[in-house]
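Letters go in sequence order (proteins before strands), and every chain restarts at 1.
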Amino acid sequence: MIQLVKGTKDIFAGEVTAWQEIEKKMRNICQTFGIGEIRTPIIEFTELFVRGVGETTDIVQKEMYTFTDDGDRCLTLRPEGTAGVARAYIEHGMHNQAQPTKLYYISPTFRCENTQAGRQRQFHQFGVEVLGSYSAAQDAEVISVAAALLEEMGIKDVELRINSLGCPQCRSNYNKILRDFIGQNLGKLCPTCKERFEKNPLRVLDCKEESCQGIIANAPSVLECLNGECMEHFQKVQDILTEMGIAFTIDPKIVRGLDYYTRTVFEFVSDGLTVCGGGRYDNLIEECGGKPTGAVGFGLGIERLVMILEKQKGEITEVPQRDVFIGSMGEKGFLKAQGLTLDLRKAGILADCDTVERSVKAQMKYANKIGTKYSLVIGDSELENGTVELKEMETGEKTMISLSEASQILVQKCK
RNA sequence: GUGGGUAUGGCGCAGGUGGUUAGCGCGCCAGAUUGUGGCUCUGGAGGCCGUGGGUUCGAGUCCCACUAUCCACCCCA
């Protein structure tokens with residue numbers, strides 16, 4: 001048998017209704033915040049992610065699905081959503097629209113890494129990106145979208161953690177200070193961190209190796225290295241969040257795994273799991289070939305969200321409801337049932353009928369299983385008399401109705 | 001990439017120290033005096049016991065490899 005590819009999943013039955021609910025809430029919230037949807041391709045030139053996400057990131061170094069097509073183009077299945085949106089923003093000259101541009105997406109995303117609960121190779125990411133604004137209020141607004149969404153989902157005990165990585169200038173200052181600091185203990189670092197030390201010392205900060213942890217514990221904080229403007233920006237973000245009534249804590253250890261972040265970075269954490277993470281990325285657009293453009297956004301894995309919701313609320317098993325089941329007996333009744341069912345469906349009634357010519361008993365069992373409100377059985381005598389018994393399944397109560405008016409009566413009862 | 005657990009009909013599981021036709025629960029299908037569900041009873045379908053090697057007269061059961069899956073690490077969403 002040909003089975004599922006590692007790290008992929010079929011979503012159906014109760015699970016798919018849970019997804020639909022979640023997606024509906026996402027779309028609704030975005031609509032109220034004035035954020036429009038964008039659908040970008042799954043494949044992009046590899047170069048976009050190498051430049052956008054950052055060469056030193058784990059994503060680019062070992063987790064991308066990259067291939068060459070028959071035109072010798074080097075392509076990659078998107079490993080995150082932001083780079084594609086940045087590309088689209090530049091490509092379509094969106095900076096000519098009313099600024100800032102506010103976009104969201106819900107899309108399959110791919111990373112070739114080891115699987116675990118709530119972590120697939122093909123996963124689905126919801127993201128919000130606001131491009132064309134450098135303002136601190138924009139950071140706060142984006143954070144407020146995420147906060148509103150998590151609240152709407154009913155996720156318990158969510159904690160917002162924020163930090164600032166500063167602008168490239170602050171960052172380079174900090175890198176220098178950090179490098180000096182770590183350099184003294186270079187020998188004790190894990191092999192990965194030695195490499196990180198050369199390319200991007202910031203990433204040493206979130207290494208979980210014990211040997212590295214000990215060194216990092218006393219490392220200077222990024223926040224101490226922010227210049228006046230960046231400090232002011234970060235302070236303003238905090239002031240607005242406070243004004244909005246959004247609680248947060250400052251965590252100088254948050255660096256995020258993607259290189260494009262500048263200034264504000266944030267994470268929403270529940271039960272020790274990061275449900276949602278994002279930040280400002282003022283250099284990404286330029287990096288991808290556009291004009292310098294401020295931008296801020298966040299992303300969220302739907303699989304992880306579903307997992308957390310299941311854990312907190314229990315499994316969601318919703319069976320699609322049916323209004324009426326049209327049973328039948330004999331050839332003529334069977335034919336009549338097919339026609340009546342379609343009439344009802346066209347009238348917006350959730351109707352179903354027997355299509356496999358089973359016994360009436362079996363049909364009733366089926367009607368019960370699919371959870372129908374009403375049922376009726378059309379046979380020779382019904383066709384002769386022009387009447388039929390309408391049965392309410394829950395109570396078992398039966399009413400005699402006219403067959404010719406059955407359609408109208410059901411429409412009334414079920415609307 | 002590293003370490004550990006698991007792998008038996010659609011789902012959940014049982015199958016002491018290897019031995020003949022591989023079981024159970026749920027589900028599915030069909031019956032229980034003629035055309036009506038939910039409870040109960042009866043019957044039926046459905047598995048080359050993850051894949052490939054090996055040990056043996058004989059392996060679901062032991063050994064090895066591979067694959068998948070779960071957990072932890074790593075990283076992130």
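A 3.5 Å limit on both hydrogen-bonding distances identifies B:G31 as the Watson-Crick or G-U partner of B:C41. Across all strands shown, B:C73 forms a Watson-Crick or G-U wobble pair, both distances under 3.5 Å, with B:G1. Across every strand in view, B:G23 sits in a pair with B:C13 that passes the Watson-Crick or G-U test at under 3.5 angstrom.
Of the listed nucleotides (B:U2, B:A77, B:G35), B:A77 has the atom at the smallest distance from the side chain of A:R304. Nearest to the side chain of A:R358, among B:A77, B:U36, B:A30, sits B:A30. Each of B:U36, B:G37, B:A77 was ranked by its minimum atom distance to the side chain of A:E389; first place goes to B:U36. Closest to the A:E113 side chain, of the nucleotides B:C75, B:C70, B:G35, is B:C75. Candidate nucleotides B:C28, B:A77, B:G35 were compared by shortest atom distance to the side chain of A:K369, and B:C28 ranks first.
The aromatic ring of A:F123 stacks onto the base of B:A77, its centre lying under 5.5 Å from the centre of the six-membered base ring with the two planes under 30° apart.
Looking at A:Y105 and A:T40, their side chains never bring a donor and an acceptor atom within 3.5 Å of each other.
Atom CG of A:N368 and atom P of B:G27 are 12 Å apart (whole Å). Summarising the geometry, the separation between NZ on A:K361 and C1' on B:G31 is reported as 8 Å, rounded to the nearest angstrom.
Contact annotation for A:R111: base contact, defined as any heavy-atom pair under 4.0 Å involving a base atom.
Each of A:D251, A:I246, A:I250 was evaluated against A:F248; a single residue qualifies, A:I250, per the side chain to side chain contact (heavy atoms under 4.5 Å, CB included) test. None of A:E287, A:E47, A:E44 except one satisfies the salt bridge (charged side-chain N to carboxylate O under 4.0 Å, His left out) rule with A:R87; the exception is A:E44.
Along RNA chain B, the nucleotide nearest to A:E394 and the one nearest to A:G379 differ in position, and the one closer to the 5' end is contacted by A:G379. Both A:V5 and A:S375 lie close to RNA chain B; mapped to their nearest nucleotides by heavy-atom distance, the more 5′-ward contact belongs to A:S375.
Residue A:N163 comes nearest to A:K253 through the heavy atom pair ND2-N, 4.4 Å, listed as atom of the first residue, atom of the second, then distance.
Nucleotides B:A77 and B:G15 are separated by 43 Å at their P atoms, to the nearest Å.
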